[in-house]
2 protein chains.
Amino acid sequence: MPFRELITAELAKLLGALSHHDRLLILEELYQGEREVKALQKKLGISHSRVSQHLSLLRTHKVVTERRQGRHVFYRLIDPEISQWVMSALRFIEFRLQHTDEILSAVEDARNLWLSPQAPKKNEPAPRKLIYIPGRQGESEPPTQNEA
Amino acid sequence: MPFRELITAELAKLLGALSHHDRLLILEELYQGEREVKALQKKLGISHSRVSQHLSLLRTHKVVTERRQGRHVFYRLIDPEISQWVMSALRFIEFRLQHTDEILSAVEDARNLWLSPQAPKKNEPAPRKLIYIPGRQGESEPPTQNEA
DNA sequence: GCATAATGTTAAAATATATTAATATCATCA
DNA sequence: TGATGATATTAATATATTTTAACATTATGC
């Protein structure tokens, strides 16, 4: 497996590009549809320069792309399913968050927003494939697994 | 959505914990089964201290857990499906890697290793749910999406 | 038991990367 | 051209990573 290292490195870079609070919010926002920098800036409450830097990084990592229209630049996800993919990781963190009802319901909200088939509120582009499989029916076996 | 920030921050932390070449290799390795530090050290070709520190970080983020036996410490994935989840992101980077046949086949190898139902070679713990959906049949619509 | 080797963990220091905020530059359109 | 919006650059600060070394624990041989 000669290029396994390369693949792992690429994956690590992608994960690194996404491992930022603001950038995840941008992902969430862009999952709803195209947005210009100004809109993202308002939504996130950070400077436009910072938004631009985040977008630049996401562009570098081929997560987003843009479309120019006059002086407006609209950003969008290259593959909107990356958003679903990220959110499908909710299952790996929810046990950390399952403390208050408020947080639990926020997790539900997030899941509905990002993972339900009717996710994009208005004028949705197309029905999306579900990646997340709710529930943990496969929880029977203790993960002792095998030896090498 | 009051705790959305919290959820996004948690997700970002998880992604951050995984966004390292060595740690992804550890994930891959542990997907095969329990491993002691020494084995990981040999496999990755890095210092045992570094392995231990990586494992410590993964432990902090509840990705792995350990079992002690004498002077050996065996690590395993808390939820082996996290490994599949990470590898299902291959689709988001493969267009960057699709250059040589060698790389392409390495991607295939990686996919087979991590995502095929019979993934763990020997004495597999249980049939695993597939998260990755091969192919891109939903590629018809240009992602113009909707406006807010 | 005692010394020694094997296995892991931890801490501290050095290095490398990432983030931020401020500023500068560039492009577009009225 | 002037106003606006977007991007690039920079420098400072903060985080992460790596290395080295010290430490703890368990097994083994005498």
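Every heavy atom of this structure was used, including side-chain atoms; hydrogens, water molecules and symmetry mates were not. Below, chains carry the letters A, B, ... as their sequence lines are ordered, and counting in each starts from 1.
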May I ask you to say whether B:Arg76 pairs ionically with B:Glu66, meaning some side-chain N is under 4.0 Å from a carboxylate O? no
Is the shortest side-chain heavy-atom distance between B:His54 and B:Ile46 below 4.5 Å? yes
Would you tell me whether B:His72 and B:Glu36 have side-chain atoms, one donor and one acceptor, within less than 3.5 Å of each other? yes
Euclidean distance, atom CD of residue B:Glu34 to atom C1' of C:dT7 [Å, nearest integer]: 16 Å
Taking atom P of C:dT17 as reference, at what distance in whole Å does atom NE2 of A:His61 sit? 13 Å
Please report the shortest heavy-atom distance between A:Arg35 and A:Ala39, naming the atom on each side. CD-CB, 4.2 Å
In whole angstrom, give the distance that lies between atom CG of B:Leu58 and atom P of D:dA16. 14 Å
What is the distance, rounded to the nearest whole Å, between atom NE2 of B:His72 and atom P of C:dA5? 17 Å
Does B:Tyr75 put a side-chain nitrogen or oxygen below 4.0 Å from OP1 or OP2 of C:dT9? yes
Does the plane of the ring in A:Trp85 sit parallel, tilted or perpendicular to the ring in B:Trp85? Use 30° and 60° as the thresholds. parallel
Among A:Asp22, A:Leu25, A:Leu27, find the one that has a side chain to side chain contact (heavy atoms under 4.5 Å, CB included) with B:Thr8. A:Leu25
Using whole Å, report how far CG of B:Leu15 lies from P of D:dA16. 14 Å
Atom CZ of A:Arg67 and atom C1' of D:dG5: how far apart are they, to the nearest Å? 16 Å
Worked verdict on B:Arg23 versus B:Leu18 for side chain to side chain contact (heavy atoms under 4.5 Å, CB included): CA-CA 6 Å; B:Arg23 293 197 287 272; B:Leu18 301 178; 5.9 Å; no
Kindly indicate whether the side chain of B:Leu30, heavy atoms from C-beta on, has any atom under 4.5 Å from the side chain of B:Val63. no
Nearest-Å distance for atom pair CD/P, residues A:Gln41 and D:dT4: 15 Å
Once you round it to whole Å, what is the distance between C1' of D:dG5 and CZ of A:Phe74? 12 Å
From D:dA6, C:dG8, D:dA8, pick the nucleotide closest to the side chain of B:Glu36? C:dG8
Students should find that the end-to-end axis angle of the helix from C:dG1-D:dC30 to C:dA30-D:dT1, with five pairs defining each axis and rounding to 10 degrees, is 20°
For B:Lys13, the salt bridge (Lys or Arg N to Asp or Glu O under 4.0 Å) test, sequence neighbours excluded, returns B:Glu10
Going 5' to 3' along nucleotides 18-30 of chain C, which nucleotides have protein heavy atoms under 4.0 Å from the base (write B), which only from the sugar-phosphate (write S), and which from neither (write -)? -SBBBB----SS-
